[in-house]
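The structure appears below as structure tokens.
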Amino acid sequence: MSSHNLPIKELGEVSLVAEGTTFKSITETVAVVTETKAPRGWWIGFLIAVNFTGILGAAIGYLIWTGIGVWGNNSPVYWAWDITNFVWWIGIGHAGTLISAVLFLFRQKWRTAINRFAEAMTIFAVICALIFPGIHVGRIWYAYYMPPLPNSMALWPNFKSPLLWDVFAVSTYFTVSLLFWYVGLIPDLATFRDRAKTKVRRLVYGALALGWRSSNRHWQHYERAYLLLAGLSTPLVLSVHSVVSFDFATSVIPGWHTTIFPPYFVAGAIFSGFAMVMTLMLITRAVYGMKSLVTQKHLELMNKIILLTGSLVGYAYAMEFFIAYYSGNDFERHVFIHNRASGPFAWAYWIMVSCNVISPQLYWSKKLRNNIAVSFVVSILVNIGMWFERFVIIVTSLFHDFLPSSWGYFRPTLIDIFIYFGTLGLFFTLFLLFIRWIPMIAIAEVKATLPEADPHWDPSHASHDDAHGHDEDAHEEPAAQPAE
Amino acid sequence: MSDKTLTLYLAEYESAGACVHAAEKLRDAGYAAFDAHTPFPVHGMDQAMGLPDSRLGWLVLPAGITGVSLGFLMIWWMNGVDYPLIIGGKPAFSIPSMVPILFELTILFSALTAVFGMFGLNQLPRHHHPIFNSDRFASATDDKFFISVESSDPKFNLEKTKKLLEATHPTNIELVADKDDEVSEDAP
Amino acid sequence: MASNVEISEKNFMIREGGPWSSAWKVAAFIGAVGALTAVAGAMTAENAHRFVYSYIFGYFTILTIALGALFFVLIQRLTSAGWSVTVRRVAEFLASGLPVMAVLALPILINIKHFDWYETVAGTPGGHASLVETQAYAEEHTAPAGEAKPEAKEAAKEHGAAPEHAVAAEHGATAEHAGHEGHDPNHVAHVETLDKKKGWFNLNFFYGRAVFYILAWVILGTMFFNLSVRQDKSKEVGLTLRAQAASPLAMMAFALSLTFSAFDWVMALDPSWFSTIFGVYVFSTAAVASLAVIILITMSLRDAGYLKSVVNVEHFHDLGKLMFGFNVFWAYIGFSQFLLIWYAGLPEETTYYHYRWDASAEPGAGAGPWAGVSLILLVFHFVVPFFLLLSRNVKRKLPSLKLGAAWLLVMHAVDWYWFVMPNFKHYSFEFHWLDIACPMAVGGIYFAYVFFRMTKHALIPVGDPRIQRAIHFHNA
């Protein structure tokens with residue numbers, strides 16, 4: 001296993017980590033972020049994010065106090081920004097599970113540089129998502145009606161309701177994602193514990209690491225648990241967005257009731273999630289000097305997945321449009337032609353198409369795939385486009401319903417806007433805290449991808465690949481390591 | 001924890017390969033209570049140590065079956081018997097609409113069992129272990145590879161074990177004792 | 001684990017005289033017997049209509065294997081995979097049979113008049129005669145039919161009235177039309193709906209699309225095979241790069257040709273029914289069946305003494321995992337379609353499941369003969385293989401994996417029977433000897449071609465730069 005796993009230069013293969021990366025430099029690069037003072041950029045971002053979170057709190061307080069009439073929802077647009085935001089956030093979360101589970105099963109080793117990040121993103125995105133079904137019931141003190149608990153009215157939940165399926169799907173998803181994330185963190189928390197210079201750090205990281213001693217007897221069960229979790233999370237992630245799509249597709253509303261919704265929602269979710277990982281990764285990588293671990297190669301691979309999933313989403317749009325025609329159903333045709341592609345919400349539809357289908361097509365060019373500015377802009381565009389996808393699905397199918405006398409238009413209120421941007425604030429607050437205190441790259445997993453992690457690795461063979469041999473100490477970590 | 005203080009030999013290696021070879025030697029010499037400590041799971045170490053396959057999967061399968069059965073009973077009782085409701089022209093108790101929730105409960109039970117079963121098999125969380133008394137051991141989570149042989153092993157012998165370990169060319173060997181009075185200082 | 005055999009073309013050729021050197025002859029014989037029988041059936045008046053349905057069943061059972069193998073090749077190219085190099089050639093052989101499948105599409109195309117929509121929409125005299133009659137009926141008995149009416153009338157006028165029922169009587173399939181024509185409101189709705197799809201069911205457009213599928217399959221099947229076998233001799237790294245560069249566009253052509261050929265030649269058997277997920281559904285069958293065939297062929301090559309040094313349990317474990325995963329995907333897609341149609345209960349969609357479950361068109365008729373097939377699919381295509389292949393040990397034991405693959409291949413045929421045949425005669429299950437002859441014909445001819453090519457080229461891509469990676473591959 002020594003020479004044939006090395007990159008084949010003629011095929012354009014490159015190492016997943018920059019040259020000169022050693023076990024020690026990986027530990028240092030990741031750990032130093034949490035052991036030194038936060039850079040100014042972190043503080044600026046954190047203060048902005050906390051402020052937005054404050055707006056979120058105030059807006060939700062006002063909403064609970066006043067009622068959900070403060071939203072722009074009306075009859076017949078009963079759902080609008082609230083469910084759009086819910087689906088958008090859940091979708092973003094899916095990339096984390098995809099990277100940690102699906103790419104793990106497919107043995108895509110490049111995932112190790114980004115999986116921790118993406119998993120954290122999953123958890124925070126699901127937290128943001130959960131806010132919306134929580135508050136959209138209006139009287140949140142009755143939220144306990146959702147789980148099947150015995151109550152004084154002897155009522156049970158309606159298990160035939162897709163909305164109840166959502167409750168089970170999203171809460172299972174949150175639980176399993178959290179477990180997956182934590183299991184992955186244990187060895188890295190132990191690394192932090194063993195490096196701890198202060199008593200507080202030793203106690204906190206020591207408690208969180210659960211007494212992990214890197215034992216191979218433990219690694220064996222640990223790896224099996226990780227594999228099982230990956231195997232369980234893969235169908236789970238499919239099911240969660242499928243269940244979300246059932247909220248719409250089980251109905252008979254034209255534009256909602258279409259059988260491709262489950263896989264189409266899943267593809268869209270992965271698409272938007274990858275875009276969000278890209279946005280966050282580009283920022284963090286620049287701020288914290290992670291370029292040796294998150295290399296250009298990683299970014300290019302992620303851009304390829306964005307192109308792939310963007311095309312899948314394009315396929316689904318095309319299928320929906322085609323079958324609306326092919327069905328011969330006048331209502332389906334009307335929704336797609338007059339309520340989406342033209343009509344009062346055509347602007348939203350075309351924003352969706354241009355952001356989601358057209359903008360990723362830039363990535364056919366290798367040059368553009370490797371351009372940081374383009375990657376950043378496209379990732380933002382995809383996030384916008386995927387938000388509009390949910391908006392288009394929800395609003396354009398509702399605003400012209402079966403009763404022309406009630407046809408109207410949807411306009412968001414200030415509270416709609418505050419709550420949406422407030423969840424962005426919450427997301428970034430949690431994310432910045434994560435970066436500050438938790439190993440943001442899976443240290444143990446990245447180490448395992450180095451050539452010298454292979455027990456058959458022979459330093460004399462490695463010479464043609466890159467310079468780093470046994471002289472690990474000769475290479476100091478590329479990241480700035482301020483004196484302590 | 002026990003009356004007999006546990007001591008152990010800790011041998012340190014620079015590379016994963018050396019550590020695997022040392023594990024093979026101990027396995028072949030018939031040791032049972034030895035372990036490898038590596039910053040990441042090393043390929044082939046399980047065979048080198050002679051470990052049997054992990055049984056975790058056999059805990060997870062029944063857990064999944066429990067999840068699906070409990071879910072089935074719950075929905076059958078709540079919607080089919082105790083509070084039957086006709087929704088959308090479907091029978092009060094209808095199987096297709098149960099599938100999403102049954103699936104989620106299967107996954108939930110399985111995942112919880114996978115994680116807590118792993119903790120159980122590994123006997124974690126664990127508050128203290130003598131191996132943490134070694135100062136060098138901190139680099140087991142960084143860049144060094146260790147083999148530990150515990151005194152509880154029937155083949156453990158201060159002289160012979162040390163000789164065996166020395167033959168595997170470690171960069172360092174130390175004897176670590178469980179010093180109870182210092183535990184509060186060094187343990188995590 | 002390490003190979004002692006030198007990785008060269010001559011060490012991986014099929015030897016003269018062994019079972020694999022003459023396997024293509026066996027396949028060709030089966031194909032010839034099937035083809036002769038099928039042609040004999042197609043020529044007779046009473047079986048001509050049945051032939052089309054049986055043929056589509058046989059054709060898609062095999063086509064999905066070839067297209068699935070193409071997908072396997074493309075995905076390995078797309079991901080620059082190393083582990084699969086030594087099993088990729090078997091998939092390439094299977095995909096190289098796509099030009100044959102393109103030729104074998106001709107019996108469908110020349111029998112287009114047997115499609116249910118043909119007489120109603122394509123402008124034949126018989127079809128429009130029935131349209132006039134139904135229109136009159138609609139005016140008399142039902143509420144105004146809406147916008148479609150004037151258009152339909154005009155269309156009818158344009159072609160003039162013609163001897164009605166002539167075509168209908170000729171073909172058994174339209175017995176339904178002949179029987180209820182003009183007296184069944186469902187039939188009125190059916191005709192009106194089809195009238196709105198005339199743009200799609202336009203003969204020139206229909207054939208134009210067929211040309212696109214055929215071209216796509218000929219080009220893709222040939223190109224990726226040639227790129228790979230040329231490397232056997234030249235060892236040129238650039239060929240790998242070219243295959244990788246071509247794979248994204250090829251994937252698009254694959255997706256579109258698979259989806260729309262399934263729409264045109266299978267979904268359109270019931271021309272008023274539609275499902276946006278249908279293309280994905282067909283893809284899932286292709287993925288499972290092709291992996292099963294790749295596993296079976298690779299194993300029997302090993303049994304015959306080939307590939308022992310380069311394909312081992314690790315590769316089979318991975319192939320098994322993929323087959324298992326895609327079978328779960330198949331169940332997921334199938335269930336999604338069912339759940340959504342069942343839950344919404346729109347009559348225009350539920351027909352699909354009524355035809356595959358009920359005993360008759362009467363409400364509350366109960367389960368009919370197709371219900372059994374539906375249950376067989378649920379239990380034996382999903383539940384049993386799921387538990388059989390769940391365990392890691394089963395996938396790593398070659399005999400049990402072989403059983404799983406063979407099992408899923410049989411269920412694949414049942415699945416396609418279930419897709420196609422309920423359209424022949426709703427609610428009744430009639431097995432016909434053409435249902436055996438047609439798959440024999442298509443499968444025999446296709447596999448004869450594939451097995452013949454296997455005797456001419458190395459069984460692994462000996463010139464692939466990543467081949468060492470595949471040989472030394474370990475499951476994590």
Side-chain angles (χ1 to χ4, degrees), chain A residues 1 22-24 27 148 154-161 164-165 168-169 172 175-176 179 183 187 190-191 193-195 202 206-207 209-225 228-229 232-233 235-236 239 243 246 444-445 447-448 452-457 470 472, chain B residues 14-17 19-20 23 35-46 49 51 54 56-57 60 74-75 78-79 82-83 85 87-88 90 94 97-98 100-101 103-105 107-108 110-112 114-115 117-119 121-122 124-129 131-132 138-143 188:
Chain A
M1 271 262 246
T22 62
F23 296 140
K24 194 152 199 79
T27 313
L155 291 171
W156 293 117
N158 169 22
F159 286 96
K160 283 187 282 284
S161 166
L164 191 73
W165 306 346
F168 279 83
T172 300
T175 313
V176 175
L179 289 173
V183 166
T191 302
R193 170 199 69 199
D194 291 344
R195 290 173 54 91
R202 194 162 65 222
L210 307 178
W212 181 260
R213 50 184 195 278
S214 317
S215 149
N216 192 64
R217 290 176 194 274
H218 291 179
W219 277 124
Q220 191 201 17
H221 297 303
Y222 175 92
E223 280 197 287
R224 184 56 55 84
L228 286 167
L229 280 177
L232 292 166
S233 301
L236 176 65
S239 82
V243 165
F246 290 158
E445 289 190 51
K447 282 177 187 164
E452 56 262 48
D454 187 337
H456 303 294
W457 180 70
H470 249 181
E472 280 152 324
Chain B
E14 282 291 324
S15 75
C19 193
V20 168
D35 209 338
H37 304 267
T38 55
F40 51 85
V42 173
H43 236 51
M45 185 65 93
D46 294 350
M49 287 177 64
L51 297 181
S54 172
L56 191 57
V60 171
M74 172 179 78
I75 300 175
M78 292 179 184
N79 268 190
D82 195 39
Y83 195 76
L85 262 183
I87 303 281
K90 307 289 182 274
S94 71
S97 61
M98 293 168 67
I101 291 180
F103 175 80
E104 303 301 339
L105 290 175
I107 297 288
L108 183 66
S110 306
L112 288 169
V115 173
M118 184 268 284
F119 287 157
L121 290 173
N122 285 347
L124 291 177
R126 176 165 177 159
H127 176 247
H128 171 66
H129 193 278
I131 202 166
F132 289 111
S139 52
T141 56
D142 185 4
D143 61 342

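Numbered from 1 within each chain, the chains take letters A, B, ... in sequence-line order.
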Inset, instruction - State, yes or no, whether a side-chain contact exists between B:Ser110 and A:Leu228 at a heavy-atom distance under 4.5 Å. - result: no

Legend entry - Validation row: B:Thr38, A:Ser214 side chains within 4.5 angstrom (heavy atoms): no

Legend entry - Contact leader toward chain A among B:Val60, B:Asp82, B:Leu85, where contacts are heavy-atom pairs under 4.5 Å: B:Asp82

Legend entry - Side chains of A:Leu229 and B:Val115 in contact at under 4.5 Å (non-hydrogen atoms): yes

Inset, instruction - Could I get the full list of side-chain contact (heavy atoms from CB on, under 4.5 Å) partners for A:Ala444, not counting sequence neighbours? - result: A:Pro187, A:Asp188, A:Trp219, B:Phe40

Inset, instruction - Please report the closest heavy-atom contact between A:Val243 and B:Pro100, naming both atoms and the distance. - result: CG2-CB, 4.1 Å

Inset, instruction - Quick one: which of A:Pro148, A:Ser239, A:Ala154, A:Pro157 has the most heavy-atom pairs under 4.5 Å with chain B, could you say? - result: A:Ser239

Inset, instruction - Quick one: list whatever passes side-chain contact (heavy atoms from CB on, under 4.5 Å) with A:Asn158, sequence neighbours left out. - result: A:Lys160, A:Ser161, B:Asn79, B:Ile87

Legend entry - Spacing of A:Gln220 atom CD and B:Leu51 atom CG [to the nearest 0.5 Å]: 5.0 Å

Legend entry - OG-OH distance between B:Ser54 and A:Tyr222, expressed to the nearest 0.5 angstrom: 13.5 Å

Inset, instruction - Locate the shortest heavy-atom distance separating A:Gly211 from B:Leu124; write the atom from each residue and the value. - result: O-CD2, 3.8 Å

Legend entry - Contact check, side chains of A:Trp165 and B:Ser97, non-hydrogen atoms, under 4.5 Å: yes

Inset, instruction - Check whether any side-chain heavy atom of B:Met49 sits under 4.5 Å from a side-chain heavy atom of A:Arg217, and report yes or no. - result: yes

Legend entry - Min side-chain heavy-atom separation A:Phe159-B:Met98 under 4.5 Å: no

Inset, instruction - State, to 0.1 Å, how close B:Ala16 and A:Ala453 come at their nearest heavy-atom pair, and which atoms those are. - result: CB-O, 3.9 Å

Legend entry - side chain to side chain contact (heavy atoms under 4.5 Å, CB included) evaluation trace for A:Thr22 with B:Asp143: CA-CA 8 Å; A:Thr22 62; B:Asp143 61 342; over 6 Å; no

Legend entry - Pairwise distance OG1(A:Thr172) to CG(B:Leu105) - rounded to 0.5 angstrom: 6.0 Å

Legend entry - Rounded distance [0.5 Å steps], CZ in A:Phe168 versus CD in B:Glu104: 9.5 Å

Legend entry - Close side-chain approach of B:Asp142 and A:Lys447, heavy atoms under 4.5 Å: yes

Inset, instruction - Please report the C-alpha distance between B:Asp46 and A:Asn216 in whole Å, then the side-chain angles of each, then the deciding distance to 0.1 Å, and finally whether the side-chain hydrogen bond (donor to acceptor under 3.5 Å, both in side chains) criterion is met. - result: CA-CA 7 Å; B:Asp46 294 350; A:Asn216 192 64; 3.0 Å; yes

Legend entry - Part of B:Ser94 within contact of chain A (heavy atom distance under 4.5 Å): side chain

Legend entry - Closest contact, heavy atoms only, B:Arg126 versus A:Arg213: CD-NH1, 3.8 Å

Legend entry - Residue, of B:Pro41, B:Ala114, B:Gly88, B:Ala138, that accumulates the most heavy atom pairs under 4.5 Å with chain A: B:Pro41

Legend entry - Any side-chain heavy-atom pair of A:Arg193 and B:Phe132 under 4.5 Å: yes

Legend entry - CZ-CG distance between B:Phe119 and A:Leu210, expressed to the nearest 0.5 angstrom: 5.0 Å

Inset, instruction - Taking all heavy atoms of B:Asn122 and all of A:His218, pick out the closest pair and write down the distance. - result: O-NE2, 3.0 Å

Inset, instruction - Against chain B, work out which of A:Asp194, A:Thr175, A:Thr27 has the most heavy-atom pairs shorter than 4.5 Å and name it. - result: A:Asp194

Legend entry - Max heavy-atom pair count under 4.5 Å with chain A, selected residue of B:Asp35, B:Leu108, B:Val42: B:Asp35

Legend entry - Value rounded to 0.5 Å, distance of CD1 in B:Ile131 from OG in A:Ser215: 8.0 Å

